[in-house]
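Comments concern the structure below.
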Amino acid sequence: MASAVDGLGARFMELSRPDDDGVYRDGAGKRAARTALAISAIGQLWDEATGALPFALPERGVGLAAVGSLARGQMGPCSDVDLVLIYEPRALNDSQLNALADALWYPLWDSGLDLDHSVRTRQQCEGVTDHDLPAAVGWLDVKPIAGDAELITSTAGSILERWRKAARKRLPELLESAQSRLDGFGRMAYLNQPDIKESRGGLRDTVIISALAASWLADRPHGNYDDAVERLLDVRDCIHLAAAKDTNLMLTRYQPNVAQTLGLADPTLPEGERAARSIDDLQMLLARIGRQIAFSWEFTSSRAKHALTHERPRFAFFQLLDPRSGGKREAPKFRALAPGVVEHEGEVSLAAGAKPAEQTDLPLRVAVAAAQARLPINPTTLRNLERCPVHDHDWSAEDRELLIRLLGSGTVLPRVWEELDFINIPGRWIPEWLGVRNRPSASAAHRYTIDQHMIYVVSQLGRVAPDGTQYDDMRYAALLLAGLLHDIGKRPGVPDHAIEGARHVPVILRRLGFGEDIVRIATLLVREHLTLSEFATGKDPADPAVAEDLAERVDYDPLTLDMLFDLTRADGSSLGATANEAITKKYGWSRWRERLVRAMADAARARMPRG
């Protein structure tokens, strides 16, 4: 017997078809059409199912509700359908409830859709959302489909009220969950094959932002944020079309079709070049979207944390009786971190007397303070830093020292750099940075975009040489700067990015005012940053000519050879697949590779003059 939901999955795909030229347009309209179709078809299914039951269904006490993407109106072409059958315990007995559920779920399973379903009382819904954070967040968007709409809306209202009352206690859990996702999935803006739902800057963050807004702890961002969310939903829809299934992974094999469906392929280019350029543009689009949503998350969560802090009284009861306090609230605490920079409520902020419009070095001071304190930069402070008159030339000695301190901050560097990069401070320091910003690497071995790869490499560079000695200030600065710029030559159409990078490095560093020794060594390291690895895996260290060639390339300098080894190790450590990626070449830094590289370095060292 035909059902109202027969072939519903195929009908969703039909509604999702691109235009005749293959481009997916009006994604918001298509999502609205899929939502309307789902609600209508499932509503008709309810009528069919309840009409065929051997008992009369009561008008009150049982209803069917949509949650998740269907309730939000964000269904993709292959999204699963999240439904909850809500009932009052006395409305139906167990056998009647099972019969109703079977009459609903089986036709939906047969329709070609993935179904996420549950059957609960109002009290069970409240209990689950009280203890299950994802369930609580999901229940903040509920849409009645059929049956007792008042039961559904009152249940949803109760859960929302409970969420608002408990949100202040649950905020740490929510923030911890967001951090866990960041640790597990990384940042969408910097990954070549991101999970566009779970990674930072992805769709999950947009749901959490709405949950925070619903809690009244913080307002919801609008404007550019709304545009970014809609465009990311377009990307998700196109992944579904390319994969023909419900997935959020932007895998390499989907990228050409996704880019073409989004309209990023230039039809005037030859076919091979067209695909490569469109994938490049797709990755840069994801980076822009991811940065916008990630910043909106940081801003919203920061406001929520501040709201909690400001709700707590800053004075103890005994202060009311203390004549010195006059019964007044205690002033907020500020801890000075640097000139014009303070810590306030767990974030790095500008001091009261700071004048961003007049201070060129303020972004550097804020960034170094944030790295040393291992604290985030307040989002409003970031916006204020945009007003600083940052320039790319004639830096002071203090500016250069601050940059080296920032680059030497270790594993915290990627986070701080990301914060600055959202407001394009690095691109104003180094205009050449914009040529690789958000750009994916052509190599399948790279897990990150080119700019993030370089920052990760810098974060792995230390001051201690392989033999245990420490680099002096000049060499340490040269090593960090080489790490920062080693792939700066990776531009479209460049046959040898190491040679191209070595052409740019002296221009950049001299413009910033670094000394010639630093310029010389950093340029050499960038020019040769692939050499040690290529020699180790393709040549014989026992061949005197090979060892002589390598020694000559580092000017027969053992310390430069040590620096090249460190750069090679850091470069290799940033390559390879992450847990959620599937890339074709599993290159990385391993004990086997380290043995090969060390053997080649030792052979070259033996060719160098002693003493």
Side-chain angles (χ1 to χ4, degrees), residues 291 295 298 334-344 347-434 436-437 451-452 454-459 461 463 473-474 476-485 488 505 507-515 518-519 522:
R291 278 196 164 112
F295 181 80
E298 298 289 352
F334 295 93
R335 179 168 68 97
L337 299 176
V341 186
V342 297
E343 176 193 348
H344 176 53
E347 294 178 333
V348 174
S349 302
L350 295 181
K355 299 179 179 178
E358 302 175 12
Q359 296 174 285
T360 62
D361 64 342
L362 196 53
L364 279 166
R365 281 192 274 125
V366 169
V368 171
Q372 290 180 335
R374 305 187 79 82
L375 293 173
I377 302 172
N378 176 273
T380 301
T381 292
L382 279 176
R383 287 302 192 190
N384 286 329
L385 291 178
E386 285 187 289
R387 298 158 47 207
C388 292
V390 174
H391 52 75
D392 63 352
H393 58 279
D394 299 330
W395 279 22
S396 68
E398 182 183 3
D399 291 343
R400 292 190 291 273
E401 180 187 353
L402 286 169
L403 177 62
I404 298 305
R405 287 172 60 191
L406 174 60
L407 296 179
S409 58
T411 56
V412 74
L413 174 64
R415 177 184 61 76
V416 178
W417 194 271
E418 159 70 10
E419 292 172 325
L420 293 179
D421 207 31
F422 181 78
I423 57 171
N424 192 31
I425 293 295
R428 294 163 67 187
W429 289 337
I430 305 172
E432 293 83 351
W433 188 261
L434 300 177
V436 296
R437 185 175 187 253
D451 53 340
Q452 174 69 355
M454 291 194 291
I455 292 302
Y456 181 89
V457 167
V458 178
S459 75
L461 295 172
R463 188 154 197 154
D473 289 348
M474 183 275 292
Y476 184 50
L479 177 60
L480 294 173
L481 292 166
L484 178 67
L485 302 173
I488 201 72
V505 168
V507 175
I508 295 169
L509 297 187
R510 287 179 181 135
R511 192 170 62 219
L512 295 176
F514 284 98
I518 290 178
V519 172

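Counting from 1, the numbers follow the sequence of the chain as shown. Only a predicted model underlies this, so the values are computations on that prediction, with no experimental measurement involved.
Closest heavy-atom contact between Ser459 and Leu413: N-CD2, 4.1 Å. Taking both residues in full, the closest heavy atoms of Leu337 and Ala369 are given as CB-CB, 3.9 Å, listed atom of the first, atom of the second, then distance. For the pair Ala370 and Ile377, the tightest heavy-atom approach, listed with the atom from each and the gap, is CB-CG1, 3.7 Å. Pairing each heavy atom of Pro363 with each of Val390, the nearest pair is CG-CG2, 3.9 Å. Taking both residues in full, the closest heavy atoms of Leu509 and Ala522 are given as CD1-CB, 3.7 Å, listed atom of the first, atom of the second, then distance. Nearest heavy atom pair, residue Asp399 against residue Leu364, reads O-CD1, 3.6 Å.
Here Glu386 pairs with Arg383 in a salt bridge; the nearest charged N to carboxylate O distance falls below 4.0 Å. Under 4.0 Å is where a charged nitrogen must lie from a carboxylate oxygen, and between Asp451 and Arg291 at least one such pair does. Salt-bridge check for Arg428 with Asp392: failed, with every basic side-chain N at 4.0 Å or more from each acidic carboxylate O.
With Met454 as the fixed residue, the side-chain contact (heavy atoms from CB on, under 4.5 Å) test singles out one of Leu485, Leu484, Val436: Val436.
Thr381 and Asn384 are not linked by any side-chain donor-acceptor pair at a separation below 3.5 angstrom, with hydrogens and angles left out of the test.
One distance of note links CD of Glu358 with CZ of Arg387; it measures 9.5 Å at 0.5 Å rounding. Taking CD1 of Ile455 as the start and CZ of Arg415 as the end, the distance is 13.5 Å to the nearest 0.5 Å. In this structure, Ile518 CD1 and Leu479 CG are separated by 11.5 Å, a value rounded to the nearest 0.5 Å. Between Ile430 atom CD1 and Leu403 atom CG the span is 6.5 Å, to the nearest 0.5 Å. With rounding to the nearest 0.5 Å, the separation of OG in Ser349 from CD in Glu343 is 9.0 Å. Distance CG/Asp361 to CH2/Trp395: 10.0 Å, rounded to 0.5 Å.
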Please evaluate residues Val341 and Val348 with respect to the criterion side-chain contact (heavy atoms from CB on, under 4.5 Å), reporting the C-alpha separation (whole Å), side-chain torsions for both, the decisive distance (0.1 Å), and the verdict. CA-CA 7 Å; Val341 186; Val348 174; 3.5 Å; yes

Kindly determine whether Phe514 and Ile404 satisfy side-chain contact (heavy atoms from CB on, under 4.5 Å), including the steps that lead there. CA-CA 11 Å; Phe514 284 98; Ile404 298 305; 4.3 Å; yes

(request) List the steps and the verdict of salt bridge (charged side-chain N to carboxylate O under 4.0 Å, His left out) for Asp473 and Arg405. (result) CA-CA 11 Å; Asp473 289 348; Arg405 287 172 60 191; over 6 Å; no

Under the side-chain contact (heavy atoms from CB on, under 4.5 Å) criterion, do Asp421 and Arg437 qualify, and how do the steps go?
CA-CA 9 Å; Asp421 207 31; Arg437 185 175 187 253; 3.3 Å; yes

Notebook entry, point to check: Is there a side-chain contact (heavy atoms from CB on, under 4.5 Å) between Trp433 and Asn424 once you walk through the steps?
Noted result: CA-CA 10 Å; Trp433 188 261; Asn424 192 31; 5.8 Å; no

- Task: Apply salt bridge (charged side-chain N to carboxylate O under 4.0 Å, His left out) to Arg511 and Glu432, showing your working.
- Result: CA-CA 12 Å; Arg511 192 170 62 219; Glu432 293 83 351; 2.7 Å; yes

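Counting heavy atoms from C-beta outward, His391 and Thr360 have side chains that approach closer than 4.5 Å. The shortest distance between side-chain heavy atoms of Leu420 and Trp429 falls below 4.5 Å. Looking only at side-chain heavy atoms (C-beta outward), Ser409 and Gln372 stay at 4.5 Å or farther from each other. By the 4.5 Å heavy-atom criterion applied to side chains, Val342 and Leu350 are not counted as neighbours. Looking at Glu347 and Leu375, their side chains never come closer than 4.5 Å, going by heavy atoms from C-beta outward. Contact check for Val366 versus Leu382: no side-chain heavy atoms found under the 4.5 Å cut-off.
Between the Gln359 side chain and the Lys355 main chain, a donor and an acceptor come within less than 3.5 Å of each other.
In this pair, Phe295 and Phe422 present their aromatic rings parallel. The plane angle is below 30°, not in the 30 to 60° band.
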